[in-house]
Every structure is written in C-alpha cells, then in structure tokens.
Protein chains: 2
Amino acid sequence: MNQVKMAPMTRMHGSIRQPPDSREGLVDTLVTASFVVMAVISRIGAAHELSLSMVRLLGILRDRRPRMAELAEYLGLEKQTMSGLVARAEKRGLVARVPNEDDGRAVDVVLTDDGARLLHELRARGRAALAPLVANLEASEQQLARDLLQRLFRGSRG
Amino acid sequence: MNQVKMAPMTRMHGSIRQPPDSREGLVDTLVTASFVVMAVISRIGAAHELSLSMVRLLGILRDRRPRMAELAEYLGLEKQTMSGLVARAEKRGLVARVPNEDDGRAVDVVLTDDGARLLHELRARGRAALAPLVANLEASEQQLARDLLQRLFRGSRG
DNA sequence: TATTGTTATACTCTATAACTATA
DNA sequence: TATAGTTATAGAGTATAACAATA
C-alpha cells in the first residue's frame, strides 16, 4: 500500500526549475498563468496582512453593495465563513455593515474610505507587479490577448 | 474617521452580476481570469478535501523530487508551514518523505502511488471543468491564446 | 415555515520563535 | 557557525451545527 512512486531519476535532481513545455495545451497554460497571477496578488496582499479572500472581498466591494448572502455565493464561501471574514475586515475599518432597507434580516456590506484607499493602492501595486509580464508582448498583442481572454471567460464571474 | 463611502445608488441594488467591461486592460482581465481558474481548482480540490496549497503541492511533485526547502521557496511558504503541509499530506498517504542521499540534513518529498492517482484525477476534472470555456474559442484561437500566454509568462514559474 | 445572518466549535493553513541534527 | 528541518504556539480561514430575528 502507498508504495513510493520512484520516477526515473533523469533530470530529477538539482534545480526545481523546469523549462516551459511548449507542447502543453491551453488549459495547462491557463492554470500555470493563474498560479503566477495569484502568487503576485497573494504577495501584495500579504504585505498588508490581507489574505486572498480579503483582497477579493475588497475588490468586489469597489463598485457593488452586496448583502452577506450574495458575497458568500460570489466568493464560494459558506455564510458563516463570510460573517467571520466581514467581521475581521470591519474590525480593521476596511468595510462596514449597513442594515438593508428592504429586508430587515439582510445586511449590506460596503467599503469604508480607508478600505477604498487600501484597495486603490493594492490595484496600483498589482498593475506595477504585472507590468513586466505585459511588456513581454507588443501593444497589439496585448489587446489581442485581452480580447481572447475576455471571450474565453465571457459569462464567467471572477 | 472611516466614514462609509456612499457610492451613487444607480445600478447598485439588485444582482451582484456585472457585465464584462470591455474597456478594462490586460492586467485586469488576467486577474479576473485567474480568479475564475482558481475558483475551479479550489472547488475540485475541496471535493477531495484538498486546499489550493495541497493541490499545488501534488502538482509540483508530478515530475519533480524536491527537498523541503525547495518546495517552500517554490510555493512561497515558510519552511515550518511546509513541514505541516507535507506532514498532513503524508498522513493521508499522498506523499512520502525520503532522506536525501547527498545531505544528511535534507529530506526529499515524493508522490506515493495513491498521490499520483489522485493528482491524475484532479487534472482530468480540471480539464473537464475548463473545457466549456476553452470551447468559446476556435481551435486556431486556442493555440494563439496559449502562445500569447506562454510568452506573457515566459520566465515565470507557476 | 423558510430565509438571513450570527455564534459555537473544530480543523487546516500560515507565521514567528525555539529547538535538534548535520555540514 | 551556518543550514535543513521539526516542534510549539498563536491567529486567520474554513466548514458543520445550533441559534435568533425577520419574512
């Protein structure tokens, strides 16, 4: 049971770095690219002691005023988890809970001015961090890549 | 202090869904796309009670035999965090610790057969989940998108 | 009765600090 | 003395279950 799988040792020792495999398909490339982008966002968030979920929470609130249940569904979290995340963000002065006007049970979540300022800085740092990658493409290719990605993920919500 | 920012209420109530903003740049599109991909991977991992870090750990071990310190550096985690993550994976029979032959202090981490099987299934499910998105593009466009992404992230490690 | 949200509890994930063993 | 890894501890993030308030 659970016998250790011994892969051929050729190229297995030494550096962990691997040359990009140009034979890999679009899905693998998307996954690899996404991990790189997430690492960048995670590092920028960590510099402000923000988890990925917290960064995403702030990003969602930039131009929306969802209630708790909507946030939970959007982030793919349980409502209890959402309560905790919003509570910690509120404790830090980044968001505020506002009673919903139409439904006495519901709570809307909004950015505070401090939260909006922090989000603005995070976005600026994200653009700066990813700029060197974007610079690997010509301007016309950047636009093409953007259009292709937007068509790929049309109908998806991030 | 921390006064609540009251954005204009136009279109603020109701659904949280937003139409894609075709004016957004490549960086914003990349971030949005990455969150979608991460959500897919996270959901598939969660179905097997695997965190994103655990999924990524298994993925790295597919064709590599890194030591603990290399894994930590690769995943962007502290070595202590790495010890815990590997310990939990080992407890579940997914990976094994093997003493490094050249350095008595070092420990190599390898996939077990069970771990390799699980990783294989995760990758199949990932491909299936992302297939509908890929199908939004023609075959030639898929190849173009893949090439552009590979050039974007050349030199990056995921 | 169903829905919205919070509280209680437990486990994973992560980091900082202190430690052991080897180089 | 420096490096590789583990253990101890604490807090964030997550889920399941039980609860209170409103619809």
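Chain identifiers are assigned alphabetically (A, B, ...) following the order of the sequence lines, protein sequences preceding nucleic acid strands; residue numbering begins at 1 within each chain. For clarity, every value in this text was computed on a predicted model and none was experimentally measured. Side chains included, hydrogens not; waters and symmetry mates left out as well; all remaining heavy atoms used.
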Q. Counting just side-chain N and O atoms, does A:S51 come under 4.0 Å of either OP1 or OP2 of D:dG13?
A. yes
Q. Roughly how many Å is it from NZ in A:K79 to P in D:dC19, rounded to a whole number?
A. 14 Å
Q: Looking only at non-hydrogen atoms, find the nearest pair between B:A129 and B:I44 and report the distance.
A: CB-CD1, 4.1 Å
Q) Taking only side-chain nitrogens and oxygens of A:S53, does any of them come within less than 4.0 Å of OP1 or OP2 of D:dT14? A) yes
Q. Just checking B:G104: base, sugar-phosphate only, or nothing, at a heavy-atom cut-off of under 4.0 Å?
A. sugar-phosphate
(Q) Taking A:E141 first and then B:R151, would you say they form a salt bridge - that is, a charged N and a carboxylate O separated by under 4.0 Å? (A) yes
**Q.** Ion pair check, B:E121 and B:R125, cut-off under 4.0 Å
**A.** yes
Q | A:R146 bridged to B:E24 by N-O distance under 4.0 Å | A | no
Q) So, is B:S83 near the phosphate of D:dT6, with a side-chain N or O under 4.0 Å from OP1 or OP2? A) yes
Q: For the residue pair B:F153 and A:V37, establish whether any side-chain heavy-atom pair is separated by less than 4.5 Å.
A: yes
Q) Quick one: is B:R97 getting a side-chain N or O under 4.0 Å of the D:dT6 phosphate, OP1 or OP2? A) yes
(Q) For chain B and DNA chain C, what are the first and last nucleotides along the strand, 5' to 3', with at least one atom under 4.0 angstrom from a heavy atom of the protein chain? (A) C:dT12 to C:dA23
Q) Is A:D28 salt-bridged to B:R127, cutoff N-O under 4.0 Å? A) yes
(Q) What is the distance, to the nearest angstrom, from the CZ atom on A:R105 to the C1' atom on D:dC19? (A) 16 Å
**Q.** d(CG, B:L52; C1', D:dG13) in whole Å
**A.** 13 Å
Q) Could you give the CE-to-C1' distance, from A:M68 to D:dT22, as a whole number of Å? A) 16 Å
Q | With A:L50 via side chain to side chain contact (heavy atoms under 4.5 Å, CB included) - residues at least two apart | A | A:H48, A:M54, A:V55, A:L58, A:R92, A:L94, A:L118, A:L122
Q: Nearest whole angstrom, please: distance from the P of D:dG13 to the CG of B:L85.
A: 17 Å
Q: To the nearest Å, give me how far apart CD (A:E78) and C1' (D:dA18) are.
A: 15 Å
Q: Can you tell me the distance, in whole Å, between the CE atom of A:M82 and the C1' atom of D:dG13?
A: 11 Å
Q: Could you check how far CD of B:Q80 sits from C1' of D:dG11, rounded to whole Å?
A: 15 Å
